[in-house]
Amino acid sequence: MSSKRRVLGYDYLYEVGGSLVVRVQVPRAVRPALGKGELKKSFGRDHATAKSDYYRTVASFKDAIKSARGVPANVMGSPILRDVEPSPEEMEAAAYDHFQRVMLNLRRKNVSPDGSAAPSPKQRAVGYKEMIDYFVDVYDADQWQLMSFDVDGLCQRQGWAIEKLSTGYETLCRLMLRARLQAYKNELRLLEGSFSADPEADPLFDKEPPAKSNAPKTLGDLLERFKAARSLRWSASTSKNYIIIFRVIEEVCGRDTVLRAIDHDFCVKVRDQLRRIPANYKKMPALAGRPLAEVIDISAQLKIAPISPATVNSHLNKLGAIIRYGRDQTWISGNPMADIEVPDPVAPEDKRDAFNVEQLQTLFAANPWSDPKYDVAGRPSRYWAPLISLFSGARLTEICGQRVDEMAMENGVAFFDFRHRPDDRAMKNGKSRRVPVHPELIRLGFWSFVEAARASEREMLFPDVKRHQLGKWGDGTSKWFSREIGKLKLVGKNLSFHSLRHSFEDALKRVDLHDTPVGNAITGRWSAGVSKNYGTKYTLEKLTGALERVSYPGLVLIPREGGSPYPLAVSQAGIIG
């Protein structure tokens, strides 16, 4: 029998025998109408499609169940939304639908603040008056949080994922509060024998649902919706990276462009404009502060080199995120971004050299690594960060942003717990991962340094490192390392701290672990054909077994004086290639 395992973060998505399947149980009462006890859709091993279509599939299944019950489907008649903060008109329409539900549920029901029974209409009327007074007080006191239970239920039905501290969530709570208050008032009028329309009724909850705007959606509408839904989760650097594509859309394409005009040709034109943007134009007096269209024209006249194909593709990736978001809202049809990419003549491996073993020996034969008694207390990141990167492939911001409590030991294996901290240290792809401490780092005395840091009760493993203005850790360490490369006259293409990560990748290649699931689990890298959930598949013992195979033949490193290695657990498990 095939095993079934729920995919973390997706209530209805299961991994069954290697395939991903959306499974929604059909309530017993409606099984005769649907002719089955479960609704299923298989996506095979296509993780990307399964997760992108997950919400839409679940919505269609739940709408089928609602239809079988005779309950109207999604009030907006649209597929379930992903990571969406709905528009004001969508919230009002949903609140109106909730109002109608409450009215149906209240008919001939008893309500009162204390829950006491009220068998007669007169007694029920007293209970409704008390409830109306209570909700008026709640509204006056601005205690909208009391409606969070109703709002959470509404969001679940609509498929909305709204931040609980966002203005959209607060707006929905207020709308739900108004809906319940008007429903109580309407039921009270019936109990008192008033069957005419309430002249003082909340205009949102009149006899007809809120009118929907027929105005076509524009690029400006899409941008505002996209920013509201996504920007809360962005780091400062991510926000900065979106500036160019936002400027292109607003200044070159135009905010008033209707979304139905966005097709493949439109995206090609945007790509072509991106290719004309000059590199580092903000640093040029002749271009600084000018509208982007002028910047493009002037740079062409001055024959200023444009941004690289890799940078163009980076901007196109962000445009793709915006376009896909519009498609998820059903505002844009099809996939207009298909094959919109700029060929890059330089292969990724040729853009930056790794350090070869001879260069590594020259580097680590210099201070601060050459003297076992060298005092690193003042700047420990300068000593340990390069070594950690060399023996783990970790990125600079991951290393320098590490907290003491993120260094741990489990079943005899010491490891880095590289946690995704969105407001402090955002990890690449938003994925946390655990990486064993390489035995060579233990031999050099790193774990003794960790224990000393723990004894000091400080928060950060490297207290000499600060975050720069974009929230990245280790900017100062990176600049210092580049100066050391210059002093030692190490020659190579774009040699920098990141070259240590390339050296680690080369070490993985030597033992056939590069671009394998277990290798990517260590480095936090993802590539096509490898699941982005790889990091949860391997135990620390399995990762340790892989990491122990990584070495630099010919490289001799001097351990710190006083370092006391602990017995590192050795994995006996096989390595997954």
Side-chain angles (χ1 to χ4, degrees), residues 3 5-9 15 380 384-385 387-395 397-422 424-462 473 504 507-508 511 513 516-526 530-551 559-560 563-577:
S3 61
R5 181 178 65 86
R6 178 177 290 168
V7 177
L8 186 64
E15 188 171 352
W384 287 115
L387 290 169
I388 293 170
S389 183
L390 185 65
F391 286 100
S392 70
R395 301 173 179 90
T397 191
E398 295 170 345
I399 298 168
C400 289
Q402 190 75 346
R403 293 177 178 169
V404 176
D405 63 6
E406 293 172 335
M407 300 303 304
M409 189 178 294
E410 184 178 297
N411 297 327
V413 178
F415 63 93
F416 298 90
D417 188 0
F418 291 125
R419 298 176 195 165
H420 178 59
R421 306 192 306 261
D424 180 34
R425 181 185 63 182
M427 303 287 284
K428 190 84 168 180
N429 300 319
K431 298 292 184 182
S432 301
R433 71 184 189 281
R434 304 198 301 178
V435 178
V437 178
H438 194 284
E440 183 67 0
L441 289 176
I442 301 296
R443 186 186 73 84
L444 294 174
F446 175 65
W447 202 251
S448 297
F449 167 75
V450 171
E451 294 293 357
R454 187 171 286 120
S456 73
E457 299 184 351
R458 65 176 184 251
E459 179 184 16
M460 303 306 297
L461 185 62
F462 299 111
W473 291 91
F504 183 81
L508 289 177
V511 291
L513 287 174
T516 64
V518 71
N520 289 336
I522 294 171
T523 61
R525 187 185 294 279
W526 176 84
V530 180
S531 168
K532 285 187 179 181
N533 290 324
Y534 51 70
T536 62
K537 289 185 176 181
Y538 303 106
T539 63
L540 286 169
E541 289 78 13
K542 177 74 74 175
L543 296 176
T544 298
L547 202 57
E548 287 172 344
R549 296 170 57 186
V550 173
S551 65
R560 295 282 304 152
S564 53
Y566 77 100
L568 186 71
V570 178
S571 171
Q572 300 300 318
I575 303 301
I576 297 178

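From a predicted model like this one, the values you see are computed outputs, not experimental measurements. Position 1 is the first residue of the sequence; numbering continues from there. Every heavy atom of this structure was used, including side-chain atoms; hydrogens, water molecules and symmetry mates were not.
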Could you tell me whether a side-chain N or O of Ser432 sits under 3.5 Å from a main-chain N or O of His420, the two making a donor and an acceptor?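 Yes.
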Tell me if a side-chain donor or acceptor on Arg395 pairs with a main-chain N or O of Thr397 at a distance below 3.5 Å.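 No.
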4.5 Å side-chain heavy-atom contact, [X] and [Y]:
X: Phe504; Y: Ile522; result: yes
X: Arg434; Y: Leu543; result: no
X: Val437; Y: Met407; result: yes
X: Tyr538; Y: Pro517; result: yes
X: Ile442; Y: His438; result: no
X: Thr539; Y: Thr544; result: no
X: Glu406; Y: Phe418; result: no
X: Met460; Y: Val404; result: no

Should the pair Arg403-Asp405 be classified as a salt bridge under the 4.0 Å nitrogen-to-oxygen rule?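 Salt bridge: no.
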Taking all heavy atoms of [X] and all of [Y], pick out the closest pair and write down the distance.
X: Ala394; Y: Ser389; value: O-OG, 3.2 Å
X: Arg549; Y: Leu513; value: NH1-CD2, 4.2 Å
X: Ser392; Y: Val435; value: CB-CG1, 4.2 Å

Measuring from [X]:[atom1] to [Y]:[atom2], what's the distance to the nearest 0.5 Å?
X: Asp417; Y: Glu410; atom1: CG; atom2: CD; result: 9.5 Å
X: Ile388; Y: Leu461; atom1: CD1; atom2: CG; result: 6.5 Å
X: Ser551; Y: Phe391; atom1: OG; atom2: CZ; result: 8.5 Å
X: Gln402; Y: Phe416; atom1: CD; atom2: CZ; result: 7.0 Å

Verdict with supporting geometry, Trp473 and Ile399, side chain to side chain contact (heavy atoms under 4.5 Å, CB included): CA-CA 8 Å; Trp473 291 91; Ile399 298 168; over 6 Å; no
Salt bridge (charged side-chain N to carboxylate O under 4.0 Å, His left out) between Glu398 and Arg433, worked out: CA-CA 11 Å; Glu398 295 170 345; Arg433 71 184 189 281; 2.8 Å; yes
Can the ring centroids of Phe462 and Phe449 be said to lie less than 6.0 angstrom from one another?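 Yes, the ring of Phe462 comes within the 6.0 Å limit of the ring of Phe449, centre to centre.
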